[in-house]
Number of protein chains: 4
Amino acid sequence: MPERPVILACPLPRTLPLLFAPDLLRDLFDRYDVIETTDEALPALPDDTLREARYVIGQPPLTPDLLARMESLRCIFNVESNLLPNMPYEDAFARGVHVVTTGAVFAEPVAEIGLGFALSLARNIHGADADFRRGEERWGGDGNAGARLLTGSTMGILGLGALGQAVARVVQGFRPRLLAHDPWQAPSVTRAHGAEPVDLDTLLSQSDTLFVTAAVTSENQGALGAESFARMPNGASLILLSRAGVVDFDALMAAVRSGHIRAASDVFPEEPLPLDHPVRSLPGFLLSAHRAGALDIAFQRMGEMVMEDLALLDRGLPPQACKRAERETVARFRSRPVTRN
Amino acid sequence: MPERPVILACPLPRTLPLLFAPDLLRDLFDRYDVIETTDEALPALPDDTLREARYVIGQPPLTPDLLARMESLRCIFNVESNLLPNMPYEDAFARGVHVVTTGAVFAEPVAEIGLGFALSLARNIHGADADFRRGEERWGGDGNAGARLLTGSTMGILGLGALGQAVARVVQGFRPRLLAHDPWQAPSVTRAHGAEPVDLDTLLSQSDTLFVTAAVTSENQGALGAESFARMPNGASLILLSRAGVVDFDALMAAVRSGHIRAASDVFPEEPLPLDHPVRSLPGFLLSAHRAGALDIAFQRMGEMVMEDLALLDRGLPPQACKRAERETVARFRSRPVTRN
Amino acid sequence: MPERPVILACPLPRTLPLLFAPDLLRDLFDRYDVIETTDEALPALPDDTLREARYVIGQPPLTPDLLARMESLRCIFNVESNLLPNMPYEDAFARGVHVVTTGAVFAEPVAEIGLGFALSLARNIHGADADFRRGEERWGGDGNAGARLLTGSTMGILGLGALGQAVARVVQGFRPRLLAHDPWQAPSVTRAHGAEPVDLDTLLSQSDTLFVTAAVTSENQGALGAESFARMPNGASLILLSRAGVVDFDALMAAVRSGHIRAASDVFPEEPLPLDHPVRSLPGFLLSAHRAGALDIAFQRMGEMVMEDLALLDRGLPPQACKRAERETVARFRSRPVTRN
Amino acid sequence: MPERPVILACPLPRTLPLLFAPDLLRDLFDRYDVIETTDEALPALPDDTLREARYVIGQPPLTPDLLARMESLRCIFNVESNLLPNMPYEDAFARGVHVVTTGAVFAEPVAEIGLGFALSLARNIHGADADFRRGEERWGGDGNAGARLLTGSTMGILGLGALGQAVARVVQGFRPRLLAHDPWQAPSVTRAHGAEPVDLDTLLSQSDTLFVTAAVTSENQGALGAESFARMPNGASLILLSRAGVVDFDALMAAVRSGHIRAASDVFPEEPLPLDHPVRSLPGFLLSAHRAGALDIAFQRMGEMVMEDLALLDRGLPPQACKRAERETVARFRSRPVTRN
């Protein structure tokens with residue numbers, strides 16, 4: 001029997017059973033010599049173990065020296081999905097060690113709820129249900145003030161990564177005019193995803209529904225403020241799906257309060273949000289407590305992606321299912337680490 | 001100048017300005033000799049007027065004798081959209097007079113809100129917003145009990161007419177396995193609309209989300225009862241979009257109350273619904289007060305369809321944009337007349 | 001056992017085994033009392049038989065008197081697919097007897113070869129193969145004079161019936177700008193089929209590839225002549241798929257001979273075409289001997305459609321799979337009868 | 001005015017005007033300090049020039065020492081599209097220098113002609129045209145021996161890179177069951193491209209039409225031989241689009257000669273092919289002289305891709321429009337260099 005490749009597993013806040021369905025977990029332990037460790041314990045593993053480790057599942061802090069000792073390392077699977085400044089990425093890339101993330105698994109559930117938010121805002125589904133329960137419903141056309149159709153409307157996507165692409169897919173049935181702004185993406189790639197590449201101003205001023213799907217970077221923190229919202233068409237909807245850090249949240253609330261736009265958000269400047277935060281009572285603002293991605297099925301999909309890429313790496317091929325960190329962009333992300341699933 | 005064709009207009013409960021946008025209304029009066037009348041006044045119009053009337057916009061009661069006197073009649077545009085037993089359809093068809101309905105305009109708005117209902121049920125969008133406003137939100141995965149993805153799931157459509165077809169279109173981005181049951185439709189037509197034709201039992205037992213889009217007929221009144229709901233998969237969603245008469249509403253409530261399925265409905269056994277109706281406080285049942293279709297844009301689309309078909313009829317061609325009543329089915333509909341827009 | 005409905009079968013030039021696969025033929029004889037007859041013998045059938053006949057499979061000449069004697073008749077299935085002036089259609093329609101055609105089965109095979117023609121013209125597939133066989137091939141870019149891409153080009157369809165709609169479907173992967181001109185079709189119906197309704201002049205002047213899929217009618221015989229072809233963009237392709245009668249064939253040859261456009265045709269002014277006809281040696285004109293539709297699978301699809309509609313009719317519903325003749329248009333068709341399969 | 005980035009241009013066998021349309025060429029020279037050189041002259045450029053060069057357009061042989069002297073280098077744009085073993089790729093990758101290829105521009109033209117080949121084989125478009133010109137055409141169904149429909153059939157793609165993905169796109173309108181085998185691709189990526197990942201044996205034995213779109217690698221040279229072709233369904237079509245080296249060409253000819261399968265090929269073991277090569281007279285084998293990709297529009301698309309990626313690289317972002325060479329696979333390609341456009 002050939003020696004099994006060594007995996008160091010320190011996936012916290014994930015756990016192996018969260019990531020791998022029972023069958024897959026059995027496969028993992030069958031095919032690999034899985035050494036379960038923690039971020040803290042990893043540096044103290046025996047030299048031999050470190051030298052033989054071919055893969056890491058987790059995102060442990062690594063010093064340059066520690067990384068250097070991991071001579072057989074081929075790939076680090078970051079299953080937290082944010083790229084933190086806790087390891088010498090340059091050293092890894094120089095050696096040809098891949099660092100990959102599995103955050104794409106959240107794209108589908110987040111995109112689905114995002115379209116649900118857009119439909120709820122367009123048709124006041126949530127508000128009409130609440131009114132009905134209170135015995136204050138309005139029947140027929142009387143209940144449709146401000147109602148809008150999505151079919152044939154203009155939809156905008158800010159950030160056409162995995163999440164933005166998933167949004168582009170789930171809205172297909174509405175045959176929208178689809179605009180996208182993504183300063184990290186070549187225009188031809190945007191077009192290949194079925195969207196028209198436009199500048200930020202065009203995106204803001206023409207989108208009837210604007211999906212904010214961009215990660216927070218050193219360049220776009222608080223990028224959407226009062227002026228941005230003022231440019232949006234009257235009655236437009238902003239659907240915030242990625243990180244609150246991309247918008248000036250107070251300005252967003254003001255724009256909704258004024259009646260100029262509607263908004264839905266799954267992310268907030270503080271999480272949990274204080275009980276007295278004014279957004280809790282703001283009409284026209286649909287609220288969701290960072291629930292968009294955290295479906296069990298998403299975490300189990302992470303494990304499937306890891307297994308697919310392990311199989312490719314075992315055969316000397318580059319990983320494909322997970323997303324590779326890039327030298328040029330790895331230092332630009334500004335997301336906070338996740339401490340819960 | 002050639003004589004303009006005569007139109008008798010008695011569109012109540014619609015009105016001409018509701019149906020025709022200003023430009024279109026001007027076109028209508030330019031091209032046709034529009035005589036505005038009412039259901040009651042129509043029979044008393046001068047003989048010449050009745051004899052020359054080429055089109056009717058409305059759904060007036062007509063006796064066989066009255067219809068016989070309308071010698072030039074080519075088409076009756078029913079803009080209420082239900083085919084009531086108030087005219088001798090057979091006589092009209094024997095003479096080659098078309099009777100058409102414009103109800104297809106509601107298909108798109110109803111289908112859109114239907115998908116919104118499905119997403120709200122799958123992800124508890126409405127409930128989570130209400131919880132958040134009360135300060136009782138649950139963050140992250142804790143807020144996702146019972147959450148489901150639509151992508152790749154099985155969706156069923158009961159009744160693949162204009163509304164069912166619109167549902168089939170708006171859900172495309174979710175790449176569902178799409179089933180449909182429509183006893184009035186040839187299987188090859190169902191397939192051409194992108195759905196797999198199945199019997200009712202298969203539809204019920206395999207659909208994760210079931211859209212009820214069938215009109216009430218003499219054959220399907222109360223067709224969906226306790227046994228039907230029991231066959232549905234645990235956790236499935238039933239989205240009732242057409243008419244409450246298709247289901248046993250009490251049984252539907254019981255199935256939701258038991259936790260077996262979830263439901264959303266835009267239609268109710270009585271409208272308005274009594275304030276003490278138990279569905280108002282039933283968890284897992286999303287409520288909408290017959291608002292799904294009644295968008296201004298839908299009514300104005302009616303006028304566009306009428307204009308398109310008038311143009312075809314003027315050239316001796318059959319109408320196409322509106323839906324033609326059929327000898328075989330006209331007597332089978334059981335919808336109640338609409339008294340409001 | 002209930003009495004089986006009576007079918008009179010006189011399908012020539014088709015035959016029952018051509019139309020019905022063995023299993024289906026068995027079903028047909030099981031469920032129906034099939035009386036095999038001929039156009040000539042039908043009028044002499046016993047009175048009882050004629051009176052009880054519920055369906056006809058065929059397109060026999062019928063006098064008004066003969067039709068009147070067929071008291072139980074509900075539907076005539078014309079399996080030749082052209083509507084000939086050989087029966088009193090008005091009488092049938094007044095009684096509610098349907099006359100339906102099965103020609104839609106040819107749409108798919110004809111559309112597929114039509115796209116094949118378009119690709120062969122765009123890339124000279126046929127010519128390059130012939131050159132290669134003669135040892136005169138040109139390698140690489142040298143062999144691509146006049147080559148064109150279809151992706152993203154403008155495609156036009158003249159006549160958006162079953163055939164035109166099938167063309168619209170098979171070209172989808174090329175994401176064309178799709179134009180259509182069909183004077184019998186409401187613009188909203190054209191749009192629902194994914195094409196932009198335009199006038200004939202726009203269709204001619206903007207289509208890089210023009211698919212001629214219109215049936216010959218009293219209005220469009222020879223409608224496309226020298227002026228039409230002159231309006232087409234230089235280097236455009238005309239793909240003639242329906243009937244030669246729609247074009248001035250000599251003018252089409254002249255337009256190809258001049259190098260202004262390319263053409264492909266499956267239909268010709270005379271069939272078979274004389275051996276000395278000049279189109280046989282015309283470069284830039286791709287030739288096919290009325291083979292586009294006549295696939296065995298198409299004929300067997302006819303039988304499936306007939307069975308589907310018989311099932312609907314048996315239950316008192318209108319036929320759907322086959323296409324119904326219309327009072328308004330039945331007299332306008334000008335196609336010659338088919339004498340061979 | 002800021003200093004313009006230095007580009008070394010040695011694109012032979014391409015030329016800058018072949019790659020860049022006039023407007024784009026002007027932009028290139030406006031924005032960059034373009035130094036036109038050759039593979040031979042490049043090593044002798046002044047030290048300063050080499051040190052300042054940020055980009056190379058071309059695929060010059062580079063020694064490790066020469067590469068080391070190009071201190072500012074960020075990206076090499078290989079516009080020939082084959083990755084030859086003429087530079088120290090590892091050194092480049094270790095330093096973070098990208099090597100990218102522009103071969104994806106051929107995907108669309110090759111995929112389009114590939115579908116044209118498939119339709120010509122399925123319907124004998126080329127053969128029927130040749131017969132017609134010789135006065136030996138067969139009319140109607142008589143001319144359809146062996147004719148097949150593509151709609152709903154099973155299509156297989158061997159190698160789901162840029163070319164295979166383009167094939168998957170252009171065949172969409174036929175709604176095929178789409179299978180793909182690509183040993184370098186994660187199954188989830190294959191699925192995301194709309195194809196079902198299968199092993200080679202399943203691909204061979206189930207595909208009615210098999211598109212061979214795999215590049216030649218150290219692993220698949222001559223991979224498809226007599227046994228492979230024997231596994232294909234009787235009457236299936238093999239469309240060879242990438243490189244002849246993937247198949248045993250003699251065995252392919254034998255399989256076609258036997259009547260078991262049909263084939264089309266754009267590539268050959270020798271190019272040009274000897275005039276006495278037996279494939280030239282082989283019925284059932286459609287021939288094209290390596291013309292599939294070499295459209296002017298494809299070369300100009302290369303320039304657009306280069307410009308898009310230069311803009312990203314100038315802003316410190318990774319290239320996206322072009323395809324990046326990978327450490328793991330760069331040494332596995334076995335294509336011969338191209339000497340003509």
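Below, read A as the first sequence line, B as the second, and so on, with proteins coming before strands; counting in each chain starts at 1.
For A:R133, the CZ atom is densely surrounded, since the number of other residues' heavy atoms within 6.0 Å is greater than 12.
The greatest number of non-hydrogen atom pairs below 4.5 Å with chain A, out of B:L150, B:D296, B:D276, is found for B:L150. In terms of heavy-atom pairs under 4.5 angstrom with chain B, the leader among A:L275, A:I113, A:V279 is A:I113. Each of B:A298, B:G293, B:G173 has some count of heavy-atom pairs under 4.5 Å with chain A, and the biggest count is that of B:G173. The candidate with the highest count of non-hydrogen atom pairs below 4.5 Å against chain A, out of B:S288, B:A147, B:S281, B:P272, is B:P272.
Contact of B:L295 with chain A is made through backbone and side chain together, with heavy-atom distances under 4.5 Å. Heavy atoms of B:L286 lying under 4.5 Å from chain A belong to its backbone as well as its side chain. Of the atoms belonging to A:R134, not a single heavy atom falls under 4.5 Å from chain B.
Among all heavy-atom pairs drawn from A:A294 and B:G141, the shortest one is CB-N, 3.5 Å. Scanning all heavy atoms of the two residues, the minimum distance from B:E137 to A:L273 falls at OE2-O, 4.4 Å.
The contact list for residues 160-171 of chain A toward chain B, using heavy atoms and a distance under 4.5 Å, reads A:R169, A:V170 by residue number. Among residues 103-112 of chain A, the residues having any heavy atom closer than 4.5 Å to a heavy atom of chain B are, in sequence order, A:E108, A:P109, A:E112. Listed in order of number, the residues of residues 114-130 of chain A that approach chain B to under 4.5 Å between heavy atoms are A:L115, A:G116, A:F117, A:L119, A:S120, A:R123, A:N124, A:I125, A:H126, A:A128, A:D129.
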For this session: Using the side-chain contact (heavy atoms from CB on, under 4.5 Å) rule, take A:R291 and B:W139 through it: C-alpha gap first, then chi angles, then the decisive distance, then the call.
Result: CA-CA 6 Å; A:R291 310 155 52 240; B:W139 291 84; over 6 Å; no
Exercise. Yes or no on side-chain contact (heavy atoms from CB on, under 4.5 Å) for A:F132 and B:F285, after CA distance, side-chain angles and deciding distance?
Worked result: CA-CA 11 Å; A:F132 207 123; B:F285 204 120; over 6 Å; no
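Looking at residues two or more places apart in sequence or on another chain, you find a side chain to side chain contact (heavy atoms under 4.5 Å, CB included) between B:E308 and B:R301, B:A321, C:A186, C:P187, C:S188.
Of the inter-residue distances, the one linking A:D131 atom CG with B:R280 atom CZ reads 10.5 Å to the nearest 0.5 angstrom.
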